[in-house]
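Heavy atoms only: backbone and side chains are in, while hydrogens, waters and symmetry mates are out.
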Amino acid sequence: MRTKLFLFTALTAAVLFPEARSAPIRPNILWITAEDMSATLGCYGDPYAHTPNIDRLARQSVRYTRAFATAPVCSPSRSCLITGCYAPSLGTQQMRSAFPIPDLMTGFPSLLRKAGFYTSNKVKTDYNTANWKEVIAASWDDSSDAAHFRKRSAGKPFFSVFNLMTSHQSRTMVWPYEKFQAEVQSRLTTDEIHDPAKAPLPPYYPDTPVIRKTVARFYDCVTAMDKEVGEILGQLDEDGLTEDTIVFFYSDHGSGMPRHKRALFDSGTHVPLLIRFPEKFRHLAPAKPGESVGNLVSFVDFGPTALALAGLKVPKSMQGQPFLGQGALRARQYVHGHRDRVDEVRDLARSVRDERFLYIRNYLPHLGYNQPTGWPDLGEIRHEFYRLTDPKKMTPAQWQFAGPTRPVEELYDTRNDPQNLNNLANAPKFANELKRLRAEHQRHIAAARDLGFVPESEAWRISDKLSPWDAARAGKIELSKIHSAAWQVGTAGEEAFLRNMMSDNASIRYWGVIGLAALEQTTPAASRALAKALTDKSSAVRIEAAGLLARAGDPAALALLEKELQSEDMNAVLHGMRAIELLGAKARTAIPAVKQLLARCNELSSPDLPPTIVLSGPQDLAVFTRLSIGGFLSRVDHPKERALFDGKTLHGWSARAKGDVQVVDGEIQILARGDNLWLVHEEDFTDFELTVEAMMPADGKYNSGIGFRCVGEGKPKGYQCEIEEAKSGMLYAIGSGWVWPKGAEESKAFEAMTRNAFKTGDWNRFRIRCEGERIQIWLNDVQTADLRDPRFTRGNIALQHHGKGDLHRFRNITIRPLP
């Protein structure tokens, strides 16, 4: 038997490495990583995508159809990729983590480097650990903007990573549109720019011009990134290295668009993966060029696979398994995902995926998917979801993402429901699948020693001088009991949570408070327990209890949150600030304390730095705290709405042209015959939100408008929101012509937006928002315009009677200046 085994091993080595008798031929390995991109590529069947270089690579590669990131956000994913370990096992699951990892974990490229490979990384690291400098030093011969395989010594094998930022969320939805046009879209030809009217909207997206425009913008970014892939592959060809190099192309998680990045749906974790094997290494490939493989692949396997392809042993500390090369194991049955704090947004969810079913366990089900979040909220598309968040206005698919809560458990049949819209967790037909995947989830978090269930402030206290990985293995953390307490959220009753709040273990007490927060109703006993928790030794327990009590209007609880903002522990500060942010207007009295905290954060890190820049632990937390502060102040600290018309007099208003203008029963009534009459308010405004109710003659023989940013004497110049039946909500530049819509395509888009919003012979409510060059108009809560125009930056508000038709009536004219 031993002889047969020896012969099999020898033959295997000879097949894998034909020249193993002397020196094995080792492949170069090239990783091309795209940021924030789902499988929106032609080679994955997306007809809207324009990706000729990647599609060409796919024809030469094996195409994986079930490859998954372990997290739907970059830093934890990179922690997993560089170590071959799950981030929650390392304590690096939060973004960004400043926890250390064991010294033996120097990054898998360090093992390739020791074996004689030249290693280069262009340029992103973001490994989400306090050891990031040591990992970079050990892993890379060169990690910089100029890193390239061309810098190696002649004949030396290489492992090179090129990280492409062009499809990153910053470019696809956060940057101002003008910056995107200048830095990304300008690299495309006219034929390569995507038409918003043809953008494929998933059913969970409302159909509005802003959303169409942003989806098209995302695809433009992907096309620009595709050009960069072509350049790198061209350099490989120029150097004569194509036949010596195994090429990986993949993205670091799903796209940066809403409901993708940060969510454990397939839209957030499923990634494209292409692997090209040159002829001399084709024996390592699981299929022929151009063919697809449906095996489950996880990011935790990528590092081990690179080592196996190089003929190296995989360290026992790695939790992943190679899916190619030496020591490749049979295909996975499951892949696992995690969702934890991202920026200032606290969360905890876990997922299990097999070839067909996706299971998600939400441990904070009282918080919805679409929580306010400072940095992505800079993108216009996010505000479309906020504006339309109403179950009466949204389809069930849209409400699933935009609603205020989440199911405790979710189960999706990805074969029949690839967009994860129909939750089967309560369907009797799928009870066995739910039970199986739930059990696998519970098995995995125990086996992986998932540390995400320990609040950050507690993890720091418990770990002390150890890394969280070592602390968990030293028995310093009662993970089994903590996991059990967390599991009760959404499944147990008040009594269980009150018992947990009496535990000696702070993490269990924390989950007791979370359990109460997830209940629809609680008793006075819960209120007493929460009040007692305000003096808990653990800041995590205090803050969660205070947030829950403050929502019920307890001033002592809000005062405690303000006090937590002064803590020396920036983890507690961020936690406290997030609790205040979620309280919104209920925490208005905290504005002075929040502004003091803003000054402190600005001392810790420059307010000009975006969150994409990696800093040290406290500085990163200061950046995220500042995002939370910005979100809170933008919603709460602004001038109050005030009336421009008091309902009794025309004080502040003056008519330009002859006509009858009077106040009757709280209305401004205007009648002009032949002359174009403008009733202009004396104050001027720059950025504002204006509300006007108008009623026009039912016969339709009229033309009217609401002027804003109007300047000049006599007939003003400025903008006019049209009021004229089907045209109501259009935008006109007085004296210059139509701003929106212009042309047949825009007119068609306008008609689709308005959906007959105007009510003939009735009061119609217009809302106009101006912020910089951006102008938005809503008619009876239906958006009719969203555009940018630089012509007029400030001026007066005005009401028009065009000299046609009968009486024009206006009331409830209010304005709220924007900060």
Side-chain angles (χ1 to χ4, degrees), residues 341 344-348 362-367 371 404-405 452-462 481-482 484-490 492-590 593-594 597 625 628 632:
R341 178 180 58 75
E344 83 275 30
V345 180
R346 303 172 64 81
D347 207 342
L348 200 152
N362 293 305
Y363 285 90
L364 301 180
H366 56 296
L367 300 176
Q371 298 177 49
T405 62
F453 296 85
V454 181
E456 281 182 271
S457 54
E458 286 303 305
W460 280 108
R461 184 185 63 80
I462 296 169
K481 293 181 179 180
I482 296 170
S484 296
W487 180 262
Q488 291 180 313
V489 175
E494 182 180 294
E495 290 184 5
F497 304 132
L498 294 179
R499 284 195 300 272
N500 286 344
M501 290 177 68
M502 297 173 65
S503 172
D504 292 335
N505 187 308
S507 295
I508 294 175
R509 298 198 300 275
Y510 168 85
W511 284 108
V513 178
I514 296 294
L516 292 179
L519 292 177
E520 291 185 5
Q521 291 184 329
T522 57
T523 68
S527 297
R528 291 192 295 271
L530 290 168
K532 185 178 179 181
L534 295 181
T535 59
D536 197 281
K537 292 181 180 179
S538 167
S539 65
V541 177
R542 292 194 305 270
I543 291 167
E544 285 297 330
L548 192 50
L549 288 172
R551 280 199 291 275
D554 187 335
L558 182 56
L560 183 138
L561 290 176
E562 292 183 43
K563 184 178 179 181
E564 296 292 345
L565 301 186
Q566 302 171 23
S567 173
E568 293 182 4
D569 180 3
M570 284 301 297
N571 291 284
V573 170
L574 177 58
H575 190 176
M577 186 58 236
R578 179 60 177 175
I580 288 174
E581 182 186 1
L582 291 177
L583 287 169
K586 291 184 177 181
R588 188 182 299 278
T589 57
V594 169
L597 176 60
T625 302
S628 186
F632 171 71

Please report the shortest heavy-atom distance between [X] and [Y], naming the atom on each side.
X: Ala492; Y: Ala496; answer: CB-CB, 3.8 Å
X: Ala485; Y: Asn500; answer: CB-ND2, 4.0 Å
X: Leu534; Y: Leu560; answer: O-CD1, 3.0 Å
X: Ile543; Y: Ala579; answer: CG2-CB, 4.1 Å
X: Thr535; Y: Lys532; answer: OG1-O, 2.9 Å
X: Leu364; Y: Asp347; answer: CD1-CA, 3.5 Å

Any heavy-atom pair between the side chains of [Y] and [X] that's under 4.5 Å?
X: Met577; Y: Phe632; result: yes
X: Glu456; Y: Arg346; result: yes
X: Thr405; Y: Leu367; result: no
X: Ser538; Y: Arg509; result: yes
X: Phe453; Y: Ile482; result: yes
X: Glu495; Y: Leu498; result: no
X: Val541; Y: Met501; result: no

How far does [atom1] of [X] sit from [atom2] of [Y], to the nearest 0.5 angstrom?
X: Arg578; Y: Gln371; atom1: CZ; atom2: CD; value: 5.0 Å
X: Leu530; Y: Glu544; atom1: CG; atom2: CD; value: 10.5 Å
X: Leu597; Y: Leu565; atom1: CG; atom2: CG; value: 5.5 Å

Handout entry: Any residue meeting side-chain hydrogen bond (donor to acceptor under 3.5 Å, both in side chains) with Ser507, in chain and number order, not counting sequence neighbours
Key =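 Checked Ser507 against side-chain hydrogen bond (donor to acceptor under 3.5 Å, both in side chains); zero matches.
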* Asked: Given Arg499 and Gln488, is the side-chain hydrogen bond (donor to acceptor under 3.5 Å, both in side chains) satisfied, shown in steps?
  -> CA-CA 12 Å; Arg499 284 195 300 272; Gln488 291 180 313; over 6 Å; no
Item to check | Residue pairs, two or more places apart or on separate chains, that pass side-chain hydrogen bond (donor to acceptor under 3.5 Å, both in side chains) and touch residues 549-565 | outcome: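 Checked against side-chain hydrogen bond (donor to acceptor under 3.5 Å, both in side chains) - neighbours excluded - the pairs reaching residues 549-565 are Arg542-Glu564.
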Result block: side-chain N/O donor-acceptor pairs under 3.5 angstrom for residues 519-527, not counting sequence neighbours:
residue, atom, partner, partner atom, Å
Thr523, OG1, Glu494, OE1, 3.4
Thr523, OG1, Glu494, OE2, 2.4
Thr523, OG1, Ala525, N, 3.3

Output, in order, the C-alpha distance, side-chain angles, deciding distance and verdict of side chain to side chain contact (heavy atoms under 4.5 Å, CB included) for Asp536 and Val513. CA-CA 12 Å; Asp536 197 281; Val513 178; over 6 Å; no
